[in-house]
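Structure, as structure tokens:
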Amino acid sequence: MDNYQAPIGAQQVRQAAEILKKYKQGKAHLEQRLIDNEQFWKLRHWEQMEKEGCGGNPHDPQPTSGWLVNCILSKHADAMDCYPEPTVLPREAGDREEAKQLSRILPVILKRGRFKRVYSDAWWRKLKSGCAVYGVFWDGDKLGGLGDITIRSMDLLHLYWEPGVTDIQDSPHFFATELVNNDELLGRYPQLEGKLRGDAHVSRYLYDDAVDTSDKSLVVDWYYHTEDKGRKVLQYCKFVGETVLYATENDTEEPDIARRGWYDHGKYPFVFDPLFPEEGTPCGYGYVDLCKSPQKQIDLMNQAILKNALAAATPRFFIRADGAINEAEYADWTKPFVHTNGNLGADSIAPIHTAGLDGVYVAVLQSKIAEMKETAGNRDVANGGTSGGVTAATAIAALQEAGGKLSRNMIDDGYEAFADVVTLCIELIRQFYTLPRQFRLLGENGEEFVDYHSAGLQMQTLRDGLGNPYYRVPEFDLEIDAQEENPYQTMEHNQLALQLFGMGFFRADLADQALRCLSLMDFKNKDAVVNAIQSGAQQSAEIASLREKLLAIAAVVDREKGTALVQSLQQEFGASGGSAGEIKRDAMEQQRRKTQLAVHPR
């Protein structure tokens with residue numbers, strides 16, 4: 001063991017650092033764009049405009065309208081209205097029970113990991129920067145050492161991949177960096193004593209606070225792939241400077257991990273979710289990139305209009321140098337007298353007249369605002385405003401639903417990334433849930449506690465018709481839906497239900513016609529409506545059959561005892577909601593039977 005040389009040492013780390021430096025150089029333009037976009041989000045874009053030479057006089061007013069911010073707020077609200085929930089579907093019949101269990105426990109795992117907050121943070125970054133990144137990790141310190149899944153929203157400034165790839169899984173290496181306090185590092189890794197130094201050579205946002213990085217060091221998480229019998233294996237190394245803190249290929253306590261890899265699924269544990277995709281990069285561009293140009297023009301127009309308004313509203317005068325007028329007294333509107341030396345000529349003082357602003361400039365400003373709304377799909381109706389005399393609630397809801405198609409498309413793309421996140425979660429469950437864990441579930445039967453472990457997800461040995469063994473790993477498909485419908489969709493579905501009720505779709509005597517009509521329609525929960533109509537028709541038929549049997553028995557009793565049960569039952573049936581036709585038919589039947597008894601007495 002004294003001669004043991006770890007596969008990953010200082011030389012390999014130096015090579016990895018060179019690759020990281022190359023990746024960082026290829027990402028320089030993206031990093032600058034991210035920093036600039038954050039300034040626009042903070043309404044600090046006048047600083048960026050001054051650097052570009054279009055900020056004007058620094059003493060001029062610098063209005064910062066929030067049209068771009070309002071667009072991002074609206075899109076983020078749309079995304080959170082459609083917070084996703086996964087449903088796991090089996091690919092083979094034998095996996096139905098396992099898929100049902102996963103569908104119930106995955107939302108609990110996500111909620112326990114505060115994924116809704118992660119989802120919100122990711123969407124802020126996606127809208128501002130054009131791409132959200134989810135990190136799906138196994139945290140062995142959770143639950144008192146039992147471990148559990150951790151999902152984080154990652155900062156693109158701290159992630160590095162090979163320039164030019166569209167899918168990060170195609171990158172030979174992937175790096176995630178973080179600045180960590182030196183004291184914290186020394187507490188966890190004593191071997192770093194004397195090897196740490198302040199390292200601020202990383203891109204950072206322009207913070208409002210003074211952020212000191214002199215007592216921090218750059219910690220690098222290095223992911224790369226190797227091969228084992230044709231299978232791609234994910235390896236992992238954490239290092240600071242030239243010191244290796246941990247490497248899967250160096251792990252002597254668990255030597256099998258070098259062959260299996262860091263995670264069994266063999267993928268980089270990161271999911272990229274671009275907004276508007278670009279070629280040659282896994283990232284995209286966002287609403288700040290889309291709308292920053294009209295936002296600049298709007299603020300420049302506002303600045304010009306304000307300067308003109310201030311010039312027109314502020315009295316200014318021409319004064320001759322030899323006019324001998326007390327300027328201080330003249331400028332003080334509270335003084336009734338102004339002293340002069342000598343005669344006051346007509347040209348000693350004259351007001352400065354400013355030309356009024358033509359209406360065309362205000363029209364240009366309004367057109368720029370309209371351009372931004374149309375470009376971003378953030379029309380007034382999406383935020384509750386209407387025009388053209390639309391006042392009905394259902395009409396407003398219909399307009400909002402129609403105007404939200406851009407948001408729905410954007411959210412559907414986000415669901416694809418969420419499906420990838422859930423797929424990685426299932427793979428981590430398969431690898432690490434070796435011991436039973438208890439989950440509290442809320443369902444139709446109220447509160448329920450269930451135990452779950454990964455035995456049903458492991459490789460299964462099966463045999464073909466000849467008795468030869470073959471192996472199968474349970475695989476699943478994912479269906480992603482909004483956890484709760486947004487208010488507009490709920491209103492629309494409620495209105496549809498009321499319309500169906502008003503047209504008599506739920507009347508038992510119209511069930512056949514209603515079902516024929518529904519066969520030509522398509523809407524959400526249509527199956528539930530069909531089942532309700534069929535169930536109602538069947539129940540009505542059963543009640544009618546029971547009524548006929550009861551009336552037949554009552555007629556026999558009336559003949560035997562001379563009572564009037566039939567008439568009493570018919571009146572009761574009529575009061576309980578029998579149709580007019582049924583009551584009339586029952587009355588005619590009763591009269592016919594009375595006639596028969598009179599002609600043929602017993």
Side-chain angles (χ1 to χ4, degrees), residues 83-89 95 98-123 125 132-155 158-159 168-169 174 176 178 221 223 233-236 238 246 248 254 257 260-273 414-442 449-459 473-480 483:
Y83 179 73
E85 184 174 55
T87 300
V88 182
L89 304 176
D95 297 330
E98 202 68 26
K100 182 179 178 181
Q101 287 278 72
L102 286 172
S103 295
R104 300 184 69 191
I105 69 167
L106 277 170
V108 178
I109 294 174
L110 294 175
K111 186 174 183 179
R112 197 160 56 190
R114 301 180 180 272
F115 179 73
K116 192 166 188 177
R117 181 179 297 175
V118 174
Y119 188 74
S120 175
D121 292 343
W123 266 98
R125 285 173 168 160
V133 183
Y134 299 93
V136 186
F137 311 103
W138 179 259
D139 187 351
D141 295 331
K142 274 190 170 183
L143 304 179
L146 184 61
D148 206 352
I149 298 169
T150 293
I151 305 175
R152 295 202 297 265
S153 173
M154 309 300 294
D155 190 344
H158 302 154
L159 303 178
I168 63 163
Q169 303 301 333
F174 191 92
E178 183 182 9
D221 289 338
Y223 299 88
V233 178
L234 176 67
Q235 304 291 356
Y236 168 71
K238 180 187 286 286
Y246 175 81
T248 51
E254 192 177 348
I257 198 172
R260 294 183 56 182
W262 188 234
Y263 294 132
D264 287 349
H265 55 65
K267 298 180 179 179
Y268 296 134
F270 301 94
V271 176
F272 280 58
D273 181 15
Y415 282 177
E416 294 298 320
F418 177 73
D420 292 339
V421 170
V422 175
T423 300
L424 291 180
C425 289
I426 294 175
E427 294 302 322
L428 293 181
I429 291 173
R430 192 196 308 271
Q431 180 177 353
F432 293 104
Y433 272 40
T434 54
L435 297 176
R437 296 158 183 262
Q438 196 169 71
F439 293 89
R440 179 174 63 88
L441 306 176
L442 298 177
F449 292 89
V450 300
D451 289 335
Y452 183 80
H453 55 86
S454 62
L457 299 176
Q458 303 306 316
M459 182 181 294
V473 176
E475 298 282 345
F476 303 94
D477 295 317
L478 289 169
E479 183 177 289
I480 309 298
Q483 190 177 76

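Atoms considered below: every heavy atom in the structure, side chains included; atoms not considered: hydrogens, waters and symmetry mates.
- Cys425 is not listed as a side-chain neighbour of Ile109, based on a closest heavy-atom distance of 4.5 Å or more.
- Residues passing the side chain to side chain donor-acceptor pair (under 3.5 Å) test with Gln101: none are found, sequence neighbours excluded.
- Taking the salt bridge (charged side-chain N to carboxylate O under 4.0 Å, His left out) definition, one finds that Arg112 meets it with Asp148, sequence neighbours left out.
- In this structure, the ring of Phe270 has its center less than 6.0 angstrom from the ring center of Phe137.
- Taking CG of Asp273 as the reference point, atom CH2 of Trp123 lies at 6.5 Å (rounded to 0.5 Å).
- Shortest non-hydrogen contact noted between Gly135 and Met154 is N-CG, 3.7 Å.
- To the nearest 0.5 Å, the span separating OH on Tyr433 from CD1 on Ile426 amounts to 11.5 Å.
- Shown here for Ala132 and Ala122, the closest heavy-atom pair between the two residues is CB-O, 3.2 Å.
- Looking at residues two or more places apart in sequence or on another chain, you find a ring-ring contact (aromatic ring centres under 6.0 Å, His included) between Tyr246 and Trp262.
- Looking only at distances, no side-chain donor or acceptor of Ser120 sits under 3.5 Å from a matching main-chain atom of Lys116.
- At a threshold of 4.5 Å between non-hydrogen side-chain atoms, the residues Ile429 and Leu106 count as touching.
- Screening Leu110, Leu424, Val136 for a side-chain contact (heavy atoms from CB on, under 4.5 Å) involving Ile149 leaves a single residue, Val136.
- Considering CG of Asp420 and CG of Leu478, their distance stands at 9.0 Å, rounded to 0.5 Å.
- Under the 3.5 Å distance criterion, the side-chain polar atoms of Thr248 are left unmatched by any main-chain donor or acceptor of Gln235.
- Annotation: side chain to side chain donor-acceptor pair (under 3.5 Å) contacts involving residues 422-432, sequence neighbours excluded, comprise Glu427-Arg430.
- In this structure the side chain of Ile151 never reaches within 4.5 angstrom of the side chain of Tyr119, judged on heavy atoms.
- Taking 4.5 Å as the limit, every side-chain heavy atom of Ile257 sits out of range of all side-chain heavy atoms of Tyr236.
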**Report entry** Intermediate values then yes/no, side-chain contact (heavy atoms from CB on, under 4.5 Å), Arg104 and Val108
**Finding:** CA-CA 7 Å; Arg104 300 184 69 191; Val108 178; over 6 Å; no
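- Counted by atom type alone, Tyr452 and Glu98 present one or more donor-acceptor pairs between their side chains at under 3.5 Å.
- Tyr223 is listed as a side-chain neighbour of Pro269, based on a closest heavy-atom distance under 4.5 Å.
- The side-chain heavy atoms of Arg437 and Ile105, taken from C-beta on, include no pair separated by under 4.5 Å.
- Shown here are the ring-ring contact (aromatic ring centres under 6.0 Å, His included) partners of His265, two or more places apart in sequence or in another chain: Tyr263.
- Of the inter-residue distances, the one linking Lys267 atom NZ with Leu234 atom CG reads 11.5 Å to the nearest 0.5 angstrom.
- Within the 4.5 Å cutoff, the side chain of Phe476 has no heavy atoms near those of the Leu89 side chain.
- Annotation: Lys100, atom NZ; neighbour count of heavy atoms from other residues, nucleotides and ligands within 6.0 Å does not exceed 12.
- A distance-only check finds a donor-acceptor pair linking the side chain of Arg125 to the backbone of Ser153 [under 3.5 Å].
- Counting only distance, with no hydrogens or angles, the side chain of Ser103 and the backbone of Val88 share a donor-acceptor pair below 3.5 Å.
- Within the 4.5 Å cutoff, the side chain of Leu159 has no heavy atoms near those of the Tyr268 side chain.
- Applying the salt bridge (charged side-chain N to carboxylate O under 4.0 Å, His left out) test to Asp121 and every residue at least two apart in sequence or in another chain returns nothing.
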